[in-house]
Amino acid sequence: MTITEKKYSRIQFISNGHGRGTMDEISELLKKRREKIDSLKADGIDLYPNDARVGETTAAISERYGQMTPEVLEMVTERFTVAGRLMAVRDFGKGAFISIQDRKGRLQAFLRKNQVGERAFALFKRLDIGDIVWLAGRVFKTRTGELTIDVEENGLRLLSKSLRSLPEKWHGLTDIEIRYRQRHLDLIVNPEVRKVFHQRSRIISLIRRFMEERDFLEVETPMMQPKAGGAVARPFKTFHNALGINLFLRIAPELYLKRLITGGLERVFEINRNFRNEGISTFHNPEFTMMEFYQAYATYEDLMKMTEELFVFVAQNLFDSLRFNYQGKEIDLTPPWRRLTVRDAIVEIGGVERTVVDDGVRMADHARKLGIEVKRSDPPGKVLMAIFDETVEKNLVQPTFITHYPVDVSPLSRRNAEDPTLTDRFELYVCGKEIANAFSELNDPVDQRGRFEMQLREREAGDLEAHEMDEDYIGALECGMPPTAGEGIGIDRLVMLFTDSASIRDVILFPLLRTRDE
RNA sequence: GGGUCGUUAGCUCAGUCCGGUAGAGCAGCGGACUUUUAAUCCGUUGGUCGCGGGUCCGAUUCCCGCACGACCCA
């Protein structure tokens, strides 16, 4: 056994017991289960049959019969078949209550020796919590009023044998590391975790419906790109052997989606993963899900309205309300949401004097006072946004649109008609976090080339996140892209908000964790 | 990258301050029990105390380093 294997032996007992290690290294529990398996096999019992047919879910039965009185239930002669994981056993010798769990919930069953028969009852006695079983029988209500399956003769089958003991029934699984690394256990024993992922699916489904109702076409664009464009972030790099070229996992689909707008699709959206080679936190996972959409002949102001409508649509369908709690704070989505320019926000919310905000030199001094590192090469817009991040962001609890971003930090946004140093752009903040970013798109290829050149200068000055020159994209713009507005919405953060989750890892089934060397 | 905290039985946790190689509940195993639901009752197995090093007669405990995780900061 190497040092690294030894190091994680605690985890390995529950993460990899299949044939790994000798018998004296594995836990007593695992040993007992293996003995049990051998004896079941010896008696000719198939541990993993696949011919069982399941008629009902536990929830369907509960919904139909849960409200009926015991007397009425006695007249129900229908026979039901269900399957699920054995979660609890309350054994009385010649009878026993068991609970099984399927994708919809739990249901109790009652096994009576003189009804199910010797053979089935003997099988029951050798089952373990965690096994997958099949049940058949009628419904009745117990003395305490719980709807229960009265298992019929031979109405119990083993469908899959579990070799591991499940986490404790009362406290469940709370070790966060095991919860993330072995999500299957988390899902088996923690119903609230299952609920979050059901809600996640529902939210995405609602978003999709909202977009389709507005005649947006769902598309898929490359995840592997020769140039990682469309956002300001560091990419993951990979290599294609046959072509012999470097590729990057996309940091955004933006430039491809806008090519589709140029191609005449006019309204497109994509819900998919982006990859950013950055730190991990409760709000950042290296791969995360984003919806981006683009609408020709719309402006960023149209998108503010549409964003409000989208959030309202999701909240209404999810909660039947526009108010909900996030981490102890009540959020109210009732439109219209507050709109503030970056500068006004820094003055009104950040408490910085307007004279400072309007003066490049004083602004840099102020930034340094806040502990921000300012380089001589940093454009004023970048300094302004650093001050914004420091003084404003965390205070934007209720949904707020921040508008009029500096052109320096918006290489793909259309310039504002009145002030060409600003762009027609907004970001949406809720609970101190950026949820969406949108702008009227820059469709002037000459201006776009100039913006890319500006980014190149920043890259040369050491900014690894600065955008690259993308001649192909400029070529597409040169064909004429209609006036368009586009938006990206961080789906994980949106789901966090709607499910009251404190960490992004609670809304991603398999968040990235450090691997362990073998 | 920095700080704080954590890692003890399959799971949930005590114990460690003040050094003498560990306890509980659940699960498991044996037994009783045909309306329980954290079933109950009797009995019982199970641990290189995350890993490595140091101090010491002796380290789960003290010191140093490392790994992994959580939170905060950058």
Side-chain angles (χ1 to χ4, degrees), chain A residues 1-17 21 23-36 39 70 73 86-101 106-116 121 124-131 139-151 162-182 185-186 188-190 278-284 327 370-373 386 389-390 394 432 502-506 511-518:
Chain A
M1 187 181 256
T2 66
I3 288 165
T4 46
E5 275 172 340
K6 232 179 130 177
K7 216 182 295 182
Y8 305 116
S9 57
R10 187 174 72 92
I11 300 295
Q12 286 201 345
F13 279 6
I14 43 177
S15 71
N16 190 354
M23 281 302 256
D24 55 71
E25 281 177 324
I26 66 174
S27 71
E28 203 64 33
L29 289 167
L30 205 43
K31 224 191 284 185
K32 277 282 171 205
R33 293 276 172 112
R34 286 183 177 172
E35 286 168 16
K36 207 173 274 187
S39 98
L73 277 176
L86 184 60
M87 296 301 288
V89 173
R90 293 177 289 279
D91 190 350
F92 288 85
K94 295 185 189 66
F97 288 96
I98 62 175
S99 294
I100 65 159
Q101 175 173 291
R106 281 194 190 193
L107 189 63
Q108 177 173 269
F110 190 40
L111 291 146
R112 288 182 284 175
K113 191 176 182 182
N114 61 4
Q115 177 161 303
V116 300
F121 205 74
F124 155 71
K125 290 284 185 183
R126 292 153 90 181
L127 292 180
D128 290 294
I129 287 171
D131 289 350
V139 288
F140 77 107
K141 265 195 180 167
T142 61
R143 232 180 253 162
T144 53
E146 180 163 347
L147 189 71
T148 303
I149 297 272
D150 188 19
V151 179
S162 167
L163 299 191
R164 310 288 179 90
S165 61
L166 289 179
E168 199 219 11
K169 62 184 171 188
W170 187 240
H171 298 93
L173 181 66
T174 61
D175 184 314
I176 288 178
E177 190 175 352
I178 300 179
R179 282 190 45 224
Y180 295 151
R181 287 193 195 275
Q182 302 192 66
L185 292 178
D186 194 23
I188 290 168
V189 301
N190 292 326
E278 298 168 347
I280 294 175
S281 79
T282 47
F283 281 85
H284 298 84
Q327 303 293 297
L370 291 169
I372 299 162
E373 193 188 328
D389 289 347
E390 191 65 31
K394 61 180 178 294
S503 169
I504 198 167
R505 292 179 210 103
D506 294 327
L512 187 67
L513 298 177
R514 207 178 286 272
T515 53
R516 303 186 145 110
D517 311 328
E518 286 294 324

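Lettering follows sequence order; numbering is per chain, from 1. Just so it is clear, the structure is predicted and the values come from calculations on it, not from any experiment.
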Open item on the list: Tell me if the side-chain of A/T174 makes a donor-acceptor pair with the base of B/rU12, cut-off 3.5 Å, by modelled atom types.
Closed with: no

Open item on the list: So if I define the base as every atom that isn't primed, P, OP1 or OP2, how would nucleotides 24-30 of chain B read as a B/S/- string at a heavy-atom cutoff under 4.0 Å?
Closed with: -BBSSS-

Open item on the list: Distance check needed: B/rU36 C1' versus A/D150 CG, whole Å only.
Closed with: 14 Å

TODO: Provide the distance between the two P atoms, one in B/rU12 and one in B/rC72, to the nearest whole Å.
DONE: 22 Å

Open item on the list: Distance criterion of 3.5 Å, no angle test: do you see the side chain of A/R90 paired donor-to-acceptor with the base of B/rU36?
Closed with: yes

Task: Phosphate OP1/OP2 of B/rC68: any A/R514 side-chain N/O under 4.0 Å - done: yes

- [ ] Any strand is fair game: report the nucleotide pairing with B/rG50 by Watson-Crick or G-U wobble, both distances under 3.5 Å, or none.
- [x] B/rC66

Task: Distance in angstrom units between A/F110 CZ and B/rA39 P, rounded - done: 15 Å

Task: Interatomic distance where CG belongs to A/L512 and C1' belongs to B/rC68 [whole Å] - done: 14 Å

Open item on the list: Donor-acceptor pair, distance only, cut-off 3.5 Å: does the side chain of A/R179 make one with the backbone of A/L173?
Closed with: no

Open item on the list: Would you measure the distance from the P atom in B/rG19 across to the matching atom in B/rC62 and give it in whole Å?
Closed with: 9 Å

For nucleotides 70-74 of chain B, which of its nitrogen or oxygen atoms have a protein nitrogen or oxygen under 3.5 Å away, and what is each distance?
{"residue": "B/rA70", "atom": "OP1", "partner": "A/R505", "partner atom": "NE", "Å": "3.3"}
{"residue": "B/rA70", "atom": "OP1", "partner": "A/R505", "partner atom": "NH1", "Å": "3.2"}
{"residue": "B/rC71", "atom": "OP2", "partner": "A/R505", "partner atom": "NH1", "Å": "3.1"}

Task: Separation of atom CG in A/N114 from atom C1' in B/rU35, rounded to whole Å - done: 14 Å

Open item on the list: Distance check, C1' atoms only: B/rA67 and B/rG50, in whole angstrom units.
Closed with: 8 Å

TODO: Determine the interatomic distance between P on B/rG1 and the same-named atom on B/rG54; round to the nearest Å.
DONE: 28 Å

- [ ] Would you check if the side chain of A/R126 reaches a backbone N or O of A/S39 as a donor-acceptor pair within less than 3.5 Å?
- [x] yes

Task: For atom CG of A/L185 and atom P of B/rU12, their distance in whole Å - done: 10 Å

Task: A/D175 CG to B/rG6 P, straight-line distance once rounded to whole Å - done: 15 Å

Task: B/rC11 and B/rA27, which share atom name P, separated by this distance in whole Å - done: 15 Å

Open item on the list: What contact category does A/F121 fall into here, base, sugar-phosphate, or nothing, at under 4.0 angstrom with non-hydrogen atoms?
Closed with: nothing

Open item on the list: I'd like to know if A/D91 reaches the base of B/rU36 with its side chain, counting only an N/O donor and acceptor under 3.5 Å.
Closed with: no

TODO: Could you give the distance separating B/rG10 and B/rU21 at their C1' atoms, to the nearest angstrom?
DONE: 23 Å

Task: Value in whole Å for how far the P atom of B/rU34 lies from CZ of A/F124 - done: 13 Å

Open item on the list: If I pick the C1' atom on B/rC68 and the same atom on B/rC42, what distance separates them, to the nearest angstrom?
Closed with: 42 Å

TODO: Check the distance between B/rC13's P and A/I178's CD1 and give it to me in whole angstrom.
DONE: 11 Å

Open item on the list: Return whichever of A/G93 or A/E146 has its heavy-atom-nearest nucleotide of RNA chain B closer to the 5' end.
Closed with: A/G93

Would you tabulate the nitrogen or oxygen pairs shorter than 3.5 Å linking the protein to nucleotides 1-5 of chain B?
none

